[in-house]
Enquirer: 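Pasting a structure below so you can have a look.
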Number of protein chains: 2
Amino acid sequence: MSEDLDAVDWSILIELQKDGRVPITELSRRVRLSASATSERVRRLEATGVITGYRAEVDLTKAGFAVLAVVRLKYPGSRHDPLRRLLEQRSEILECLRTTGDDCYVLKVAATSMAHLELIVNELAAFGSTTTNVVYSATLPYRGPRPTRPTRDPSTNPVV
Amino acid sequence: MSEDLDAVDWSILIELQKDGRVPITELSRRVRLSASATSERVRRLEATGVITGYRAEVDLTKAGFAVLAVVRLKYPGSRHDPLRRLLEQRSEILECLRTTGDDCYVLKVAATSMAHLELIVNELAAFGSTTTNVVYSATLPYRGPRPTRPTRDPSTNPVV
DNA sequence: GTTGAAACCGGTGCATG
DNA sequence: CATGCACCGGTTTCAAC
């Protein structure tokens, strides 16, 4: 399920997450590797699915979405198809995570106005009770994963 | 604050959000525009900040993060600097949104194991009470914004 | 893993309509 | 905004080490 990544692989991932369009020649300089070796590493990261793709990042406000909200949905039923259909139709729903806990789903919703947000939340409320938090600002905008130094915490005991 | 985007601009944004590396020539075919006009549009979207950048997308599981969680933080104090410092240090925290409501912050945390997650949550708990939901799966993985047809909902009244 | 050289695209700039 | 062309930079592939 998970791939073995060495320090160089991580360097490459960090650079490509910062700028998905750096030329291989420039990337190879930054990771201190030859262009051909760098190229091969990137090809491998793509082939093994570590890199799932390259995307342009769009500023929500500039694109007309003045309101961002996190909506939690408590979904009593077990029939999840109707919700899936709503996710398809409603492009304002940017992300939907199924989670443990009382709230089965956590959604990220972009709206052009509070009235617009109300509309979406109304549609979601048809499925269960919702809790909405409007986002003031991204204290930390989404960033991709970075390597972890192996940690050993003495206060934490094994599960079994 | 927000830029005026016509249908062609949105076509371009949709394509570049799907594949941030499509050649201009291919992109121009998809949006049915000449290469030079397409190039100029893209340049403008970048210059006005609608497109904030291009990023490689990394699969969390393949990168060794078996556990993803949404952590909400109820932060009683008003001194937010210590939290900012933690966000800097802890690369496992992928995103942090400041929101309205009882929970001041919503964070996305990637961990290699439940023990690892516990470690991070312990650190966050130093700031306030936390609520953690572990993610089963992304019912809808993050997707960027798409255009909205102007909606007029009769059941919704103006704010003032 | 490195280096170097070739062939191939793709992007940019410009002129024209 | 479309078309065509020349120029240049980056990529890919291949060799040899």
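Below, chains carry the letters A, B, ... as their sequence lines are ordered, and counting in each starts from 1. Given the structure is predicted, the values throughout are model-derived calculations rather than measurements.
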Enquirer: Would you mind listing the cluster partners of B:Val160? Hydrophobic ones only (ILVMFWY), side-chain contacts under 4.5 Å, chaining allowed.
Expert: B:Val159
Enquirer: Just to verify, what does A:Asp102 make a salt bridge (charged side-chain N to carboxylate O under 4.0 Å, His left out) with, not counting sequence neighbours?
Expert: A:Lys74
Enquirer: For B:Glu57, what residues pass the salt bridge (charged side-chain N to carboxylate O under 4.0 Å, His left out) criterion, not counting sequence neighbours?
Expert: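 Result, salt bridge (charged side-chain N to carboxylate O under 4.0 Å, His left out) vs B:Glu57: A:Arg55.
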Enquirer: Can you list, in residue-number order, the parts of residues 25-52 of chain B that come under 4.0 Å of DNA chain C, counting heavy atoms only?
Expert: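 Residues of residues 25-52 of chain B under 4.0 Å from DNA chain C: B:Thr25, B:Ser39.
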Enquirer: In whole angstrom, what separates B:Tyr54's OH from C:dG11's P?
Expert: 11 Å
Enquirer: With sequence neighbours excluded, what pairs up with A:Asp6 under the side chain to side chain contact (heavy atoms under 4.5 Å, CB included) test?
Expert: A:Val8, A:Asp9, A:Arg41
Enquirer: Which atom pairs, one a donor and one an acceptor, fall under 3.5 Å between side chains of residues 125-140 of chain B and the rest of the protein, sequence neighbours left out?
Expert:
unit_1: B:Asn133; atom_1: ND2; unit_2: A:Thr100; atom_2: O; d: 2.7

Enquirer: Round to the nearest Å and state the distance from B:Ile24 atom CD1 to D:dT3 atom C1'.
Expert: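 About 17 Å, once rounded to whole Å.
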